*Asks:* 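Here it is: the structure, laid out below.
Just so you know, these numbers come straight off a predicted model, no measurement behind them.
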Amino acid sequence: MSFLASAKITAVLGPTNTGKTYLAIERMLAYSSGMIGFPLRLLARENYDKAVVIKGAAKCALVTGEEKILPKGARYFFCTVESMPVDKLVEFLAVDEIQLAADEERGHIFTDRLLNARGTAETMFMGSNTIAPILKKLVRNIEFIERPRFSNLSFSGNKKIIRLPPRSAVVAFSATDVYQLAETIRQHCGGTAVVLGALSPRTRNAQVELFENGDVDYLVATDAIGMGLNLDVNHVAFSRMEKFDGRISRYLYASEIGQIAGRAGRHTRDGTFGTTNNVGPLDEDLIARVENHDYDPLRVIYWRNNDLDYRSPEQLIKSLERRAEDKILSRVRDAEDHQALMALAQESTVQDSATNSAKVKLLWEVCQVPDFRKILTDQHIRLLSQIYHYLIGNHGVLPEDWIATQIKRIDRIDGDIDTLVARISHIRTWTYISHRSDWIRDNEHWQGVSRAIEDRLSDALHERLTQRFVDRRAAKLVRSLQAGENIVSAVKANGDVIVEGELLGRIVGFSFVLDESLQGSDIKPGLTAARKTLLSEMPTRVSVLEEDNDGSFLLNDTGELTWRGIPVGKLIKGESSLSPAVDVYSTEFIDSPMREKIRLRLVGWLERHLRAQLKPLFYLSDAKLDGTARGIAFQVIEGLGLVPRYLLRDQINGLSKADRKALADLGLRLGRESVFLPNLNRPRPSRIRALLWAAWNEVSVPELPDFESKYFTPSDAQKDIFCASVGYRHLSNRKGRELVLRADILERISHEAYKLLRLSKDDGEKKSDKKDAYAKAKVVEIATPIVEAPVVDDTAVATSVGDVEGADGIVSEPEVKAVDSVVGEVQEDKKAEDDLKLPAGSFVINDEMRKVSGLDDQQIAFVLKSLRFHPNRLKGGVTAFSLRGPKKQDPKKKEARKKQVEAEKARMADSPFAVLQDMSFKR
């Protein structure tokens with residue numbers, strides 16, 4: 001290895017915040033010329049701007065892969081390490097962060113500068129103490145200067161992400177983690193700046209400026225902040241302690257932790273570091289090493305041969321893969337430009353064209369065009385191939401129309417954050433190409449075009465990041481609260497809450513809802529700022545509710561009580577099904593006394609509302625009844641207006657005439673199938689009864705049926721008892737078929753069926769030749785279900801129907817008139833086209849049944865079976881119904897069975913089993 005002559009070589013080593021870079025720039029500006037290489041374009045630009053203020057723009061140059069400012073009289077060059085013009089003689093030359101020679105990706109560039117770049121008067125390398133042994137071995141007569149840290153760095157433990165102190169930087173190791181952490185901080189702390197390696201320098205500067213100017217107090221970044229970014233950070237929090245290094249996911253080295261954590265503290269102000277996001281505890285030895293800047297020295301650095309053979313692509317690849325003589329110089333593998341060369345060398349067109357040293361050297365220069373996406377895709381390889389072939393076939397220059405087409409595709413600012421990041425990566429590649437004056441005729445024009453596009457994309461990306469991760473209103477509140485300032489807030493008449501002149505949200509009922517522009521995030525600082533105003537506003541709103549008229553309250557279909565359309569409470573189980581309690585929705589802004597005032601107002605309104613809508617039930621409840629009548633009334637009230645008759649059969653049989661009259665006067669009907677209050681069989685009372693049933697049974701309100709309908713098919717949530725509570729009866733059979741029928745309709749069908757049955761029996765007993773109208777009926781054939789034991793479910797009804805003849809012996813006046821008019825009906829039925837002689841005690845479905853029920857014949861047949869009527873298929877396909885009765889046994893068969901049993905007993909009396917059994921009893 002060769003060395004350039006240098007009067008003085010110095011290594012300025014130490015941890016972060018020691019002023020190494022400041023010292024180097026100060027020394028360089030003291031010479032007549034100088035050059036300094038930085039690890040980041042951002043740092044090169046930052047220090048170039050500082051030097052321009054001191055020396056003037058005419059004497060300062062900026063040289064990076066994507067930006068070149070080269071005044072003719074430039075004396076001081078601020079460069080990225082890769083772009084340093086090392087063939088230019090300067091008095092002072094420096095390389096910052098020299099320990100990056102151990103980086104697998106870029107290390108060979110830093111090593112090349114370490115070995116081959118020198119200033120004529122002084123050369124300086126700045127970096128970590130870990131590279132000291134390498135420098136001692138590779139650089140003769142090097143002078144070491146160790147600089148202590150200006151401030152202390154200490155470990156402060158683990159903190160929740162929302163509990164981090166202001167001026168904190170949170171470190172992640174992937175873009176996904178960065179975005180997630182930034183979103184969390186935005187929700188709770190108002191906003192954060194974001195720094196990623198994939199951001200353009202302009203976007204990164206704009207984001208850093210948000211943090212430095214105090215617009216936000218938090219920064220979420222990748223480990224890129226460890227490379228010399230000078231930030232006003234007090235605390236660094238690691239969200240992870242492992243990273244993917246391109247090959248494996250590994251735990252961070254102590255030196256890496258120290259390099260990143262060292263960003264905390266500025267000049268003489270102490271800094272702290274810690275963990276967040278549920279990271280486990282750190283090893284005590286690791287903490288001590290970071291706090292004391294005690295790291296393992298580097299053993300090897302990465303190197304690549306720079307004495308290249310350009311005779312052919314194969315020879316070039318071979319020379320790149322040459323190993324160093326010194327073992328501490330490890331040959332770099334899989335460098336981006338090396339991979340590109342190997343990919344292009346496989347193309348037959350490249351092999352045919354790269355036939356001399358000049359063309360091979362051109363191929364190598366093309367391969368060094370960076371892919372700022374860092375993924376080396378086929379797309380990038382195709383771009384390099386196109387560039388090479390255009391340069392070979394177009395006299396060494398790229399066609400401008402082709403350049404224009406390529407760049408135009410990128411000139412768009414629509415899309416999300418990731419889309420803009422990808423476009424910026426593309427345009428940065430073209431910005432690099434535009435600085436090759438030997439490849440492009442009017443390269444200054446294309447530099448301006450590409451730079452303008454990059455700036456537009458960068459500004460758009462900064463805007464997207466700010467929109468997504470910064471809430472200026474919340475950030476302002478956070479700072480005001482932390483400073484202990486008085487917060488100006490107010491509540492408008494429409495409930496809008498204004499804090500510091502900004503709309504923060506609105507009061508809905510007795511809750512606070514954040515403004516939609518905040519995306520519903522629970523911004524605790526904002527709530528803290530508004531709490532004082534909200535707490536003073538709520539008593540006033542409670543008073544308004546207490547004094548408001550009853551028309552402001554409603555009971556909705558989910559059992560909630562609303563005030564001016566806003567739910568403020570709900571029905572819950574009370575002392576009885578007719579007297580539910582009210583649960584007032586609790587919020588942090590109303591205390592117990594206020595909740596009780598709201599509850600009393602709602603309870604008072606609810607009682608009046610229920611009494612108005614369910615008058616028959618309350619009349620029955622308030623009536624002074626005695627004995628059996630009182631017991632029946634109690635069960636009807638518990639059933640919310642309906643109880644199946646069979647459940648009250650014994651009590652009804654024990655009623656006196658006076659009791660029956662009293663119940664009838666209260667509107668209670670003792671029907672053949674149900675005992676119910678007909679005046680409740682209307683949609684609104686039925687809906688309210690459903691809500692009361694759900695509250696009493698402590699279940700959510702089932703789907704409410706259409707109460708205008710006479711019947712419906714039940715859902716799983718609509719149980720038998722629920723159907724009864726809303727005035728319907730639930731009928732089913734063993735095959736699983738179900739029908740929910742309004743109770744008054746069931747009563748009408750039952751009334752008509754028993755009327756036909758009685759007339760049929762009377763006609764059979766008279767044995768008259770005169771044909772009865774109910775034995776001559778027009779028959780409609782129906783599909784009759786298979787005969788089986790009916791299942792009559794415990795459900796209820798819903799419309800007015802007169803008392804019918806039942807177990808209580810009552811026959812209503814309308815029924816008597818109906819019986820007296822049978823003769824008239826007979827006269828009309830004589831016109832029927834078909835006459836049929838029915839067996840005594842049976843009947844068929846007639847028009848009256850269809851009229852009073854609104855059901856089809858198959859549904860009526862299903863109902864009749866549930867009412868204990870048995871279908872019989874007669875000749876001609878006619879189905880008649882008769883009342884089921886107990887099955888009588890044939891006397892002869894009964895006597896024969898008795899004799900058979902006695903004979904069997906006599907036969908067994910002499911069996912060995914009987915003898916043994918008798919012996920055991922005697923024993």
Side-chain angles (χ1 to χ4, degrees), residues 1-14 16 18-65 67-101 106 109-129 131-132 134-136 138-147 227-228 230 301 306:
M1 63 190 68
S2 61
F3 296 93
L4 295 174
S6 183
K8 184 179 181 181
I9 303 177
T10 307
V12 183
L13 306 180
T16 56
T18 58
K20 298 185 294 293
T21 304
Y22 180 83
L23 173 65
I25 294 175
E26 186 180 54
R27 294 285 287 271
M28 180 180 71
L29 297 181
Y31 287 98
S32 62
S33 63
M35 180 188 303
I36 183 167
F38 295 96
L40 297 174
R41 171 186 171 187
L42 189 67
L43 289 174
R45 180 74 198 211
E46 177 185 333
N47 288 287
Y48 163 78
D49 292 337
K50 292 178 180 178
V52 166
V53 175
I54 299 172
K55 292 292 185 178
K59 292 185 178 181
C60 299
L62 177 65
V63 184
T64 69
E67 190 174 15
K68 288 181 174 62
I69 302 175
L70 291 169
K72 291 183 179 180
R75 307 292 295 171
Y76 304 100
F77 295 81
F78 296 83
C79 319
T80 54
V81 174
E82 286 84 349
S83 300
M84 292 175 70
V86 292
D87 56 344
K88 188 175 187 65
L89 293 180
V90 292
E91 288 188 359
F92 179 88
L93 185 144
V95 179
D96 197 14
E97 304 291 357
I98 192 63
Q99 79 277 358
L100 287 180
R106 303 171 63 202
I109 305 294
F110 285 81
T111 300
D112 180 76
R113 305 299 182 256
L114 173 64
L115 299 177
N116 302 313
R118 296 291 184 269
T120 58
E122 182 178 355
T123 301
M124 181 180 289
F125 302 110
M126 300 88 75
S128 169
N129 288 318
I131 200 170
I134 302 290
L135 296 178
K136 287 179 181 178
L138 293 180
V139 182
R140 293 191 297 269
N141 302 321
I142 187 169
E143 177 186 347
F144 289 92
I145 299 175
E146 292 193 11
R147 293 179 65 90
M227 289 297 103
N230 296 315
I301 58 177
N306 63 352

*Asks:* With sequence neighbours excluded, what pairs up with Glu91 under the side chain to side chain contact (heavy atoms under 4.5 Å, CB included) test?
*Replies:*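 For Glu91, the residues satisfying side chain to side chain contact (heavy atoms under 4.5 Å, CB included) (neighbours in sequence not counted) are Tyr31, Ser32, Ser33, Thr120, Ala121.
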*Asks:* Please confirm whether the backbone N or O of Gly65 pairs with a side-chain atom of Arg41, one donor and one acceptor, at under 3.5 Å?
*Replies:*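 No.
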*Asks:* Name all residues meeting the side chain to side chain contact (heavy atoms under 4.5 Å, CB included) criterion together with Ala132; count only those two or more places apart in sequence or in a different chain, and write none if there are none.
*Replies:*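 Side chain to side chain contact (heavy atoms under 4.5 Å, CB included) list for Ala132, sorted by chain: Leu13, Phe144.
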*Asks:* Starting from the C-alpha separation in whole Å, work towards a yes-or-no answer on side chain to side chain contact (heavy atoms under 4.5 Å, CB included) for Met126 and Glu97.
*Replies:* CA-CA 6 Å; Met126 300 88 75; Glu97 304 291 357; over 6 Å; no
*Asks:* Hey, could you give me each pair passing side-chain hydrogen bond (donor to acceptor under 3.5 Å, both in side chains) that has a residue in residues 55-64? Not counting sequence neighbours.
*Replies:*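 Every candidate side-chain hydrogen bond (donor to acceptor under 3.5 Å, both in side chains) pair involving residues 55-64 fails, so no pair, neighbours aside, qualifies.
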*Asks:* So which heavy atom on Leu70 is nearest to which on Ala61, and how close?
*Replies:*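 Looking at all heavy atoms of both residues, the closest pair is CD2-CB, 3.9 Å.
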*Asks:* Rounded at 0.5 Å granularity, tell me how far CD1 in Ile36 sits from CG in Leu29.
*Replies:*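 Taking CD1 in Ile36 and CG in Leu29, the distance rounds to 9.0 Å.
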*Asks:* Please list, chain by chain and in numerical order, all residues satisfying side chain to side chain donor-acceptor pair (under 3.5 Å) with Arg27, sequence neighbours excluded.
*Replies:*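 Listed in chain order: Glu122.
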*Asks:* Applying side chain to side chain contact (heavy atoms under 4.5 Å, CB included), name anything that partners Ile69, two or more places apart in sequence or on another chain.
*Replies:*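 With neighbours one apart ignored, the set is Arg45, Tyr48, Leu62, Glu67, Pro71.
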*Asks:* If I take atom NZ from residue Lys88 and atom CE from residue Met35, how far apart are they, to the nearest 0.5 angstrom?
*Replies:*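 Nearest 0.5 Å value for the NZ-CE distance: 7.0 Å.
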*Asks:* Show the nearest heavy-atom pair for residues Phe92 and Ala94, with the distance to one decimal.
*Replies:*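 Smallest heavy-atom distance, with atoms named: CE2-CB, 3.6 Å.
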*Asks:* Could you please spell out the steps behind the side chain to side chain contact (heavy atoms under 4.5 Å, CB included) verdict for Leu23 and Arg147?
*Replies:* CA-CA 11 Å; Leu23 173 65; Arg147 293 179 65 90; 3.7 Å; yes
*Asks:* Please find the pair of heavy atoms, one from Ile142 and one from Ala11, that lie closest to each other, and give the distance.
*Replies:*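 Scanning both residues completely, I find the closest heavy atoms to be CD1-CB, 3.7 Å.
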*Asks:* Applying side chain to side chain donor-acceptor pair (under 3.5 Å), can you list everything that pairs with Thr111, at least two apart in sequence or on another chain?
*Replies:*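 For Thr111, no residue satisfies side chain to side chain donor-acceptor pair (under 3.5 Å) once neighbours in sequence are set aside.
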*Asks:* For Ile145, I'd like to know if atom CD1 has over 12 heavy atoms of other residues, nucleotides or ligands within 6.0 Å.
*Replies:*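 Counting neighbours around CD1 of Ile145, more than 12 heavy atoms of other residues, nucleotides or ligands fall under 6.0 Å, so yes.
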*Asks:* How far does CZ of Arg118 sit from CG of Asn116, to the nearest 0.5 angstrom?
*Replies:*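 Between Arg118 CZ and Asn116 CG, I get 7.5 Å after rounding to 0.5 Å.
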*Asks:* Looking at side-chain heavy atoms only, is the closest gap between Glu146 and Asn129 below 4.5 Å?
*Replies:*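 Touching, per the 4.5 Å side-chain cut-off.
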*Asks:* Within the distance-only criterion (no hydrogens, no angle test), does the side chain of Gln99 pair as donor or acceptor with the backbone N or O of Ile131 below 3.5 angstrom?
*Replies:*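 A pair under 3.5 Å: no.
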*Asks:* Side-chain contact, heavy-atom cut-off 4.5 Å: Leu93 with Val95?
*Replies:*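 Touching, per the 4.5 Å side-chain cut-off.
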*Asks:* Of all residues at least two apart in sequence or in a different chain, which pass the side chain to side chain donor-acceptor pair (under 3.5 Å) check with Arg75?
*Replies:*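 Arg75 satisfies side chain to side chain donor-acceptor pair (under 3.5 Å) with no residue once adjacent residues are dropped.
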*Asks:* The criterion is salt bridge (charged side-chain N to carboxylate O under 4.0 Å, His left out); which residues satisfy it with Lys50, sequence neighbours excluded?
*Replies:*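 With neighbours one apart ignored, the set is Glu46.
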*Asks:* Who passes side chain to side chain contact (heavy atoms under 4.5 Å, CB included) against Ser83, sequence neighbours left out?
*Replies:*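 Applying side chain to side chain contact (heavy atoms under 4.5 Å, CB included) to Ser83 gives Val63, Thr80.
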*Asks:* What's the separation between atom CZ in Phe78 and atom CE in Met84, rounded to the nearest 0.5 Å?
*Replies:*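 Rounded to the nearest 0.5 Å, the CZ-CE separation comes to 12.0 Å.
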*Asks:* How far does CD1 of Ile98 sit from NZ of Lys20, to the nearest 0.5 angstrom?
*Replies:*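 The CD1 atom of Ile98 sits 12.5 Å away from the NZ atom of Lys20.
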*Asks:* For Gly119, does its backbone N or O pair with a side-chain atom of Thr123 as donor and acceptor, under 3.5 Å?
*Replies:*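 Confirmed, Thr123 side chain pairs with Gly119 backbone.
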*Asks:* Please check: side-chain N/O of Arg106 versus main-chain N/O of Pro39, any donor-acceptor pairing under 3.5 Å?
*Replies:*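 Checked: pair present.
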*Asks:* Output the distance between atom CG (Asn47) and atom SG (Cys79), rounded to the nearest 0.5 Å.
*Replies:*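 If we round to the nearest 0.5 Å, Asn47:CG and Cys79:SG are 11.5 Å apart.
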*Asks:* Just to verify, what does Thr10 make a side chain to side chain donor-acceptor pair (under 3.5 Å) with, not counting sequence neighbours?
*Replies:*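 Expected list: none.
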*Asks:* Does the side chain of Phe125 come within less than 4.5 Å of Val12's, by heavy atoms?
*Replies:*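 No, side chains not in contact.
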